[in-house]
S.K.: 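Mind having a look at this structure? Questions to follow.
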Amino acid sequence: MAGDQRWFVIGFVGFLVGIILNHFLPWLLRIGVVPKGSFGWPLLGETLAFLKPHPSNSIGSFLQDHCSRYGKVFKSHLFFSPTVVSCDQDLNYFILQNEDKLFQCSYPKPIHGILGKVSMLVAVGDTHKRLRNVALSLVNTTKSKPEFLNDVETAALHILDSWKDMKQVIFWEESRKFTFNVIVKQVLGLTPEEPQTTEILQDFLTFMRGLISLPLYIPGTPYARAVQARRRISSTVKAIIEERRRRRGHLGDHNSKKNDFLEILLYVDTLSEDEKISFVLDSLLGGYETTSLLMSMVVYFLGQSNSALEQLKLEHQSIRSMKKKGEFLNWEDYKKMDFSQKVMNEALRYGNVVKFVHRKALKDVKFRDYIIPSGWKVLPVFSAVHLDPNLHANALQFNPWRWESDDQTCKKFTPFGGGSRSCPGSELAKVEVAFFLHHLIQNYRWKVEEGEQAMAYPYVEFHKGLAIKLQPLKNQFGSG
Ligand code: HEM
């Protein structure tokens, strides 16, 4: 080859390499693979297998099978969308920390239809931020207030007192009564005796049944009933708001000022009327079922762990011994309930009150060697991390003492979600459970009926409602 030609060829090859690098290097650097997995059937994909009920303290056969076949991160087709399922602690954490940047909350359509557009649980962007700021400030001002703490304790004593002549109770029902009474008092200032409370409870139960139904707006279906129930709750809440305004405005009645969320909401000008009503519904929805499940999990697991129960009793007896007879618990007492915190953490880990949350990828996201394609659904599965034996030694044992070390696993423990959507009510829920336990363990011993099991449907339910046999202890209710 003549010299000129050689330089021409070298120049041309260099030019081509330049173009290739220029065009394809960014793509090459981003390269990764969509996680392995299978899409299953057309349309439904693997949704039915994913939703197949299993004990809530297990990961279920679907995740078991898919993780061992494809690894902790795999692709599937769920809820009518291509999906990446993550059972990996680091990826879950990464997803939660990147809300609105790389991922976004994305609940299925029927949930939107029932909750409405301005519900905090489904809202995104600025609307979500506005609603969330109000929630955080309400919870922060409430959680340590004597009025709230006294209400929680009074509600607990009320339930426990009603057991006096009973040999057995269905605990899950009792815990739901308790958490509903607490939240409806805290949010709307209503007591269990008021007719509006019963009305709201009935509508609320219908509303919740609709959240897990097929979105068919045909009269009589659970979905249609739920939408109507939501409308009725909205009008009840609207009527309560109007009544409060009327009293303040026309009658100048400032003496009956209540201590509930609604009272503060009335004066919040960053929220519209609809957003205020939605806010009330979100608080009821967020605070009722989950908290009663945590209580039930604690009672269920403590019923099988005598050593944990004994240590818990010592903690609460020591707190009680510092108080006068009948004196209410306060925030400082709650702060001393260190072992109770560990028991609750362990019940959240082993019981898995919330199995997973719904997200979608806002753009192509690279994580390790994976690419999560833009628009795909992403499901961080908390239960798989909670029960991962590589993260928790003897993961299938209830062991509150494991929470004694304050390591990375604790930091990435997300039973209340994480990042900018983490649960604003977590502290309220824990106070409720801790105060209820305070009186329960000092007044009763209990035994869980044989064969009871919490099942993930994936919303958790107790098979038989958690029937417990009661044995009253001496000095009953000397503690309240
Ligand atoms: C044991 C009890 C509770 C558990 C396990 C729990 C769990 C969770 C989880 C996992 C999330 C995150 C959802 C997501 O990322 O998509 C969440 C959000 C939320 N929770 Fe809770 N929760 C509990 C109690 C409460 C209570 C007592 C309230 C209200 C009084 C509440 C109100 C909310 C609200 C409003 C959200 C939405 C937050 C947002 O999107 O910014 N929760 N909860």
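Ligands are counted one by one from 1 in listed order, and the atoms in each one are counted from 1 as well. Here the structure is a predicted model, which is why all the values come from computation and not from measurement.
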S.K.: Between ligand 1 and G286, is the shortest N or O to N or O distance under 3.5 Å?
M.R.: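 Yes, at least one N or O pair falls under 3.5 Å.
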
S.K.: Does some non-hydrogen atom of Q186 fall short of 4.0 Å from ligand 1?
M.R.: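 Flag not set, Q186 not near ligand 1.
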
S.K.: Under the 6.0 Å and 45° cation-pi test, does K366 pair with F94?
M.R.: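 The answer is no, since K366 fails at least one limit relative to F94.
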
S.K.: For atom 11 (C) of ligand 1, which protein heavy atom lies nearest, and how many Å away is it?
M.R.: F416 O, 3.9 Å

S.K.: With ring centroids as reference points, do F207 and F204 lie under 6.0 angstrom apart?
M.R.: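 Yes, they do, as the ring centres are separated by less than 6.0 Å.
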
S.K.: Only one of S374, C105, S106, S81 clears side-chain contact (heavy atoms from CB on, under 4.5 Å) with K360; which?
M.R.: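 Only match with K360 under side-chain contact (heavy atoms from CB on, under 4.5 Å): S106.
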
S.K.: List the closest protein heavy-atom neighbour of atom 12 (C) of ligand 1: residue, atom name, distance to the nearest 0.1 Å.
M.R.: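 Checked against all protein heavy atoms, atom 12 (C) of ligand 1 sits closest to R421 O, 3.6 Å.
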
S.K.: Counting only heavy atoms closer than 4.0 Å, does ligand 1 sit against the backbone of T290, its side chain, both, or neither?
M.R.: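 Both the backbone and the side chain of T290 come within reach of ligand 1.
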
S.K.: So, regarding T291 and ligand 1 (criterion: nitrogen or oxygen to nitrogen or oxygen, under 3.5 Å), is there a contact or not?
M.R.: no

S.K.: Looking only at distance, does E432 have an N or O less than 3.5 Å from an N or O of ligand 1?
M.R.: no

S.K.: Are the ring centres of F382 and F413 closer than 6.0 Å?
M.R.: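 F382 vs F413: aromatic centres not under 6.0 Å.
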
S.K.: Would you call E273 and R245 a salt bridge, taking side-chain N to carboxylate O under 4.0 Å as the test?
M.R.: yes

S.K.: Just let me know how R132 lines up against ligand 1, side chain, backbone, both or neither, with a heavy-atom cut-off below 4.0 Å.
M.R.: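 For R132, only side-chain atoms sit under 4.0 Å from ligand 1.
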
S.K.: Look at ligand 1 and say whether I183 reaches it with a heavy atom at a distance under 4.0 Å.
M.R.: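 Judged by the 4.0 Å heavy-atom criterion, I183 does count as contacting ligand 1.
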
S.K.: Do the rings of F62 and F50 sit parallel, tilted or perpendicular, given the 30° and 60° boundaries?
M.R.: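 Perpendicular, since the angle between the ring planes exceeds 60°.
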
S.K.: Should S426 be listed as contacting ligand 1, given a heavy-atom distance under 4.0 Å as the test?
M.R.: no

S.K.: Does atom NZ of K129 have more than 12 heavy-atom neighbours from other groups under 6.0 Å away?
M.R.: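 Counting other residues, nucleotides and ligands, NZ of K129 stays at 12 neighbours or fewer.
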
S.K.: Are any of the heavy atoms in R359 under 4.0 Å away from ligand 1?
M.R.: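 True for this residue.
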
S.K.: Nearest protein heavy atom to atom 39 (C) of ligand 1, by residue and atom, and its distance?
M.R.: H128 NE2, 3.3 Å

S.K.: For atom 37 (C) of ligand 1, find the nearest protein heavy atom and state the residue, atom name and distance (0.1 Å precision).
M.R.: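 For atom 37 (C) of ligand 1, the nearest protein heavy atom comes out as L121 CD2, 3.4 Å.
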
S.K.: Is the gap between the ring centers of W401 and F339 under 6.0 Å?
M.R.: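 Yes - the distance between ring centres of W401 and F339 falls below the 6.0 Å cut-off.
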
S.K.: Just checking R130: does its CZ atom have more than 12 heavy atoms from other residues, nucleotides or ligands closer to it than 6.0 angstrom?
M.R.: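 It does: R130 CZ has more than 12 such atoms within range.
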
S.K.: More than 12 non-hydrogen atoms from neighbouring residues, nucleotides or ligands closer than 6.0 Å to CG on N390, yes or no?
M.R.: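 Above 12, so yes.
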
S.K.: Within the 4.5 Å heavy-atom criterion, are P146 and F328 side-chain neighbours or not?
M.R.: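 Answer no - side chains too far apart.
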
S.K.: Which of the numbered atoms in ligand 1 are below 4.0 angstrom from a heavy atom of P415?
M.R.: 5 (C), 7 (C), 10 (C)

S.K.: Does A135 come within less than 4.0 Å of ligand 1, judged by its heavy atoms?
M.R.: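 No, A135 has no heavy atoms under 4.0 Å from ligand 1.
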
S.K.: Nearest heavy atom to atom 20 (N) of ligand 1: which of G425, S420, C423 does it belong to?
M.R.: C423

S.K.: Quick test: of every protein heavy atom, which one is nearest to atom 34 (C) of ligand 1, and how far off is it to 0.1 Å?
M.R.: P424 CD, 3.6 Å

S.K.: Can an N or O of Y107 be found at a distance shorter than 3.5 Å from an N or O of ligand 1?
M.R.: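 It does: an N or O of Y107 is found under 3.5 Å from an N or O of ligand 1.
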
S.K.: In terms of residue, atom name and distance, what is the protein heavy atom nearest to atom 27 (C) of ligand 1?
M.R.: G287 CA, 3.3 Å

S.K.: Below 4.0 angstrom from a heavy atom of L294, which ligand 1 atoms are there? Numbered from 1 as shown, please.
M.R.: 1 (C)

S.K.: Is it the case that more than 12 heavy atoms not belonging to H463 sit under 6.0 Å from its NE2 atom?
M.R.: no

